Amino acid sequence: MRPAIGQAKRKGEPGLFPAIGNAFLHPSHACGSRGAGLDLGTGFTADAPDRLEMTVRTRFAPSPTGFLHIGGARTALFNALFARHHGGAYLLRIEDTDRARSTQEAVQQILDSLEWLGLSPDEPPVFQSRREARHAEVARELLARGHAYLAFDTPEELVAMRERAMREGRPPRYDGGWRDRDPASAPPGLKPAIRLKAPREGETVVKDLVQGEVRVGNAELDDMIILRSDGTPTYLHAVVVDDHDMAITHVIRGDDHLTNTFRQCQIYDAMGWRRPYFAHIPLIHGPDGAKLSKRHGAVSVLEFREQGFLPEAVCNYLLRLGWGHGDEEFVPRERAIELFDLKDVGRSASRMDYAKLTHLNGQYLRQADDARLTQEVLERLTRRGVLFGTRGAERVERLMPDLKERAKTLEELAGSAAFAATEGPPMLEPKAAAALTPEARARLADLAQFLNNAPWERADLESWLRDYAEVKGIKLGQVAQPLRVALTGSLQSPPIDAVLWVLGRTEAMDRILAVAEPSEA
RNA sequence: GUCCCCAUCGUCUAGAGGCCUAGGACACCAGCCUUUCACGUUGGUAACACGGGUUCGAAUCCCGUUGGGGACGCCA
């Protein structure tokens, strides 16, 4: 049996989305008296299949005016998870009707970002710009049915109207001047826009799967333009037509579209189309609570990739931002699909917390496949210009199990692997150089001789070092730290026996000898 | 300005009227582990924005205030 979709979450709203019944399917609203299940000759009939039995179809609809940012990624994720959870389809629609601002590069970036995140759509993307004829067709149909009208206002007139309204403290809305005027009375040569004849009384109610029931008086809404005077559709209209034609059942999108939804509903209603379910998820803010922007650090999905975050960690983090299932923090994709439900999506905006993302990334890193991590690290080392041959690559690979225990991002991982990828004595970090006191250098000189005879297996190396420390009556740390500096150029590294082992006798001895200095005495 | 939405530790959250002395995670502090750094582990600091109701009982329901966010285009 199909799980009930969109059960009312909050108390006091029982039956908001009844599994049976069609109160929601045909919400009563002010612009019509159509009753439930009546065939108005507009596409749905009394015996239409119950919506809940329909295959879930969601879509992510970014506009290609820039890179895909982390908020968009989360919207895509929620759409994908919801669809998968219900065995439905998750689609992508590129909203490129703003020709001036849309670019092919942005489209490609969005596609790449989604692919990286594992959120590629189930069907080829739909390009909104290619559907303009259809949008116009619907607009004309609305016109023919008397649900829309021609408006001959000039841009100047509209600006003036807005300014006047503002000055008089009224909301800036279209006055409906052409609503009942005869188009024949229009000044010649003016191209009209098509405006929706929106209901003026009553209210429009949106039953949102996340926000609950949201209503607004129709007096607050004006007659929006659905087709511009140049014949192109406006966003609000195109979205409705496309969502309808793509048979989208659940519109899951950012909170910022909530108030747009009222107007979109008016188009659905005017066309006699069944509205989809809506779910408006809260926005993500920067750490300071303001809208997420560049100055907060990484916002573009591709930036996160560059900084060395794993896609699965980013998704897990994004999922936990605004969605929760008890105390579960570590929620990989499969588990997310199993658990995800819109009723568990919170209603308040959340802030981006890079520290927590980093922590999660460390968790995923530690359990990631060594070969994959090695590949990633080698690519990064190559890009950094850190030279390495096959031997360097081999060392990185052999050291990976120890390396990944102590890194939180791939960048960090690459940094910690650099010493193994190179040939010859490492660059000394300032603090490490300072640790090379005369005593330390003398120790290394002494140690070199001792180590030269050691069998070069990791376990043996460790016991040799322990024996050495014991014989000399010093702590292991006093041996390990100078060694660490000589071998890695750093005060931090994987266990010293692993480092020795991976470097190999020749390379290790080279590095030790490079800084060793027998004491005079 | 008008409309809409939101409000639990610094942050993400659990919380469906009594299981709440408000739980978990990140961050932070202290201890343990230890060959360094991490990991791990133990403990600690830390929140129901405020004011009114409703109720035997409210973090949970209602109203208001304050604060935050969003929308008001021939942008998407």
Side-chain angles (χ1 to χ4, degrees), chain A residues 9-12 61-65 95-98 100-102 128 151 153-155 158-159 162 165-174 191 193-195 206 208 211-212 214-217 219-222 224-230 232 234-236 238-239 254-262 280 282-283 285 287 289-291 317 320-330 346-360 362-363 366 404-408 412 416 462 465-466 469 475-481 483-485 488 490-497:
Chain A
K9 167 189 187 178
R10 286 158 263 279
K11 294 191 48 179
S63 61
T65 52
E95 312 232 310
D96 56 350
T97 46
D98 186 342
R101 296 198 299 150
S102 299
Q128 191 160 63
D153 312 270
T154 64
L158 294 175
V159 169
R162 259 193 296 279
M166 291 292 231
R167 220 179 311 118
E168 293 167 14
R170 288 180 291 114
R173 299 196 197 100
Y174 179 60
K191 285 201 150 184
I194 297 181
R195 281 186 187 267
V206 173
D208 193 278
Q211 306 291 344
V214 187
R215 52 182 68 224
V216 71
E220 303 294 334
L221 274 17
D222 62 1
M224 69 178 142
I225 289 175
I226 54 177
L227 202 70
R228 300 188 187 102
S229 51
D230 66 0
T232 60
T234 56
Y235 161 77
L236 250 20
V239 165
D255 221 352
D256 48 341
H257 290 281
L258 183 58
T259 48
N260 284 334
T261 308
F262 298 117
H280 288 93
L283 265 17
H285 292 158
K291 201 169 181 173
Y317 176 73
R320 284 292 289 112
L321 226 43
W323 174 91
H325 186 267
D327 287 341
E328 278 194 54
E329 296 286 348
F330 193 79
R347 296 200 270 180
S348 53
S350 45
R351 302 182 184 202
M352 188 69 202
D353 182 356
Y354 293 91
K356 189 159 184 177
L357 201 212
T358 304
H359 174 264
L360 245 190
Q363 289 194 355
R366 264 170 266 138
K404 73 177 180 183
E405 287 299 320
R406 58 210 80 227
K408 290 188 172 157
E412 230 180 284
S416 67
E462 184 186 357
L465 286 177
R466 285 192 190 281
K475 288 202 276 189
L476 190 50
Q478 291 174 270
V479 184
Q481 278 310 77
L483 207 44
R484 193 183 309 283
V485 170
T488 71
S490 165
L491 253 14
Q492 299 97 249
S493 84
I496 201 64
D497 48 299

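Every chain is numbered from 1, with letters handed out A, B, ... down the list of sequences. For clarity, every value in this text was computed on a predicted model and none was experimentally measured.
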Please determine, for [N], whether a Watson-Crick or G-U wobble partner exists with both distances under 3.5 Å, and give it or none.
| N | result |
| --- | --- |
| B:rC33 | none |
| B:rG1 | B:rC72 |
| B:rU65 | B:rA49 |
| B:rU55 | none |
| B:rU21 | none |
| B:rC26 | B:rG10 |

- Message: Is it the case that the side chain of A:Y317 and the backbone of A:T358 share a donor-acceptor pair, with hydrogens and angles ignored and the cut-off at 3.5 Å?
- Response: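 No, A:Y317 side chain to A:T358 backbone: no donor-acceptor pair under 3.5 Å.
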- A:T65 (side chain) donor-acceptor with A:R101 (main chain) under 3.5 angstrom: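 Not a single qualifying donor-acceptor pair exists.
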For [N] versus [M], give the span between their [atom1] atoms, rounded off to a whole number of Å.
| N | M | atom1 | result |
| --- | --- | --- | --- |
| B:rA25 | B:rC62 | C1' | 33 Å |
| B:rG64 | B:rA47 | C1' | 23 Å |
| B:rA14 | B:rC56 | C1' | 27 Å |
| B:rG40 | B:rC5 | C1' | 43 Å |
| B:rC63 | B:rU55 | C1' | 16 Å |
| B:rA38 | B:rG31 | P | 14 Å |
| B:rA27 | B:rC4 | P | 41 Å |
| B:rG53 | B:rA58 | C1' | 12 Å |

With a non-hydrogen cut-off below 4.0 angstrom, is [X] in contact with a base, only sugar-phosphate, or nothing?
| X | value |
| --- | --- |
| A:G322 | sugar-phosphate |
| A:P494 | base |
| A:K475 | nothing |

- Please lay out, stage by stage, how A:M224 and A:T234 fare under the test side-chain contact (heavy atoms from CB on, under 4.5 Å). CA-CA 9 Å; A:M224 69 178 142; A:T234 56; 5.8 Å; no
Whole angstroms only, please: what is the [atom1]-[atom2] distance between [X] and [N]?
| X | N | atom1 | atom2 | answer |
| --- | --- | --- | --- | --- |
| A:L360 | B:rU13 | CG | C1' | 13 Å |
| A:Q481 | B:rU34 | CD | P | 16 Å |
| A:M352 | B:rC26 | CE | C1' | 13 Å |
| A:E328 | B:rA14 | CD | P | 13 Å |
| A:H325 | B:rG15 | NE2 | C1' | 14 Å |
| A:R351 | B:rU8 | CZ | C1' | 14 Å |
| A:Q492 | B:rU34 | CD | C1' | 15 Å |
| A:L491 | B:rA38 | CG | P | 11 Å |

N/O-N/O pairs, protein side and nucleotides 40-42 of chain B side, under 3.5 Å:
none

- Salt-bridge contact A:E220-A:R173 (side-chain N to carboxylate O under 4.0 Å):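 Yes.
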- Note on the structure: 5' to 3', nucleotides 69-76 of chain B under a 4.0 Å protein heavy-atom cut-off (B base, S sugar-phosphate only, - none) gives SBSSSBBB
Closest approach of [X] and [Y], non-hydrogen atoms and distance?
| X | Y | value |
| --- | --- | --- |
| A:S493 | A:R406 | O-NH1, 4.0 Å |
| A:H285 | A:A349 | CE1-CB, 3.5 Å |
| A:Y174 | A:D222 | N-OD2, 2.8 Å |
| A:G346 | A:P282 | O-CG, 3.2 Å |

- Message: Quick one, A:K356 with A:E329, criterion side-chain contact (heavy atoms from CB on, under 4.5 Å). Give me CA distance, side-chain angles, the key distance, then yes/no.
- Response: CA-CA 11 Å; A:K356 189 159 184 177; A:E329 296 286 348; 3.5 Å; yes
- Task: May I ask you to evaluate whether A:K404 reaches the phosphate of B:rC39, defined as a side-chain N or O under 4.0 Å from OP1 or OP2?
- Result: no
So if I take every side-chain heavy atom of [X] and compare against [options], which nucleotide ends up nearest?
| X | options | result |
| --- | --- | --- |
| A:S348 | B:rU13, B:rC6, B:rA38 | B:rC6 |
| A:I496 | B:rC12, B:rU35, B:rC6 | B:rU35 |
| A:R347 | B:rA27, B:rC6, B:rC39 | B:rC6 |

- Return the 5'-most residue of the pair A:L321, A:L476 with respect to RNA chain B, ranking by each residue's nearest nucleotide.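 Closer to the 5' end of RNA chain B: A:L321.
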- Query: Are A:T488 and A:R484 close enough that a side-chain donor and a side-chain acceptor fall under 3.5 Å?
  - Reply: no
- Item | Candidate pair A:Y235 and A:N260, rule side-chain hydrogen bond (donor to acceptor under 3.5 Å, both in side chains), full reasoning | CA-CA 10 Å; A:Y235 161 77; A:N260 284 334; 5.0 Å; no
- Task: Check A:T259, A:T261, A:D255, A:D256 against A:H280 for a side-chain hydrogen bond (donor to acceptor under 3.5 Å, both in side chains) and give me the one that passes.
- Result: A:T261
Between the protein and nucleotides 22-24 of chain B, which nitrogen or oxygen pairs are less than 3.5 angstrom apart?
{"unit_1": "B:rG23", "atom_1": "N2", "unit_2": "A:D327", "atom_2": "OD1", "d": "3.1"}
{"unit_1": "B:rG24", "atom_1": "N2", "unit_2": "A:E329", "atom_2": "OE2", "d": "2.9"}

- Message: Run A:K191 and A:D230 through side-chain contact (heavy atoms from CB on, under 4.5 Å) and show every step you take.
- Response: CA-CA 8 Å; A:K191 285 201 150 184; A:D230 66 0; over 6 Å; no
- A:V206 and A:Q211: side-chain contact (heavy atoms from CB on, under 4.5 Å), yes or no, with the steps? CA-CA 9 Å; A:V206 173; A:Q211 306 291 344; over 6 Å; no
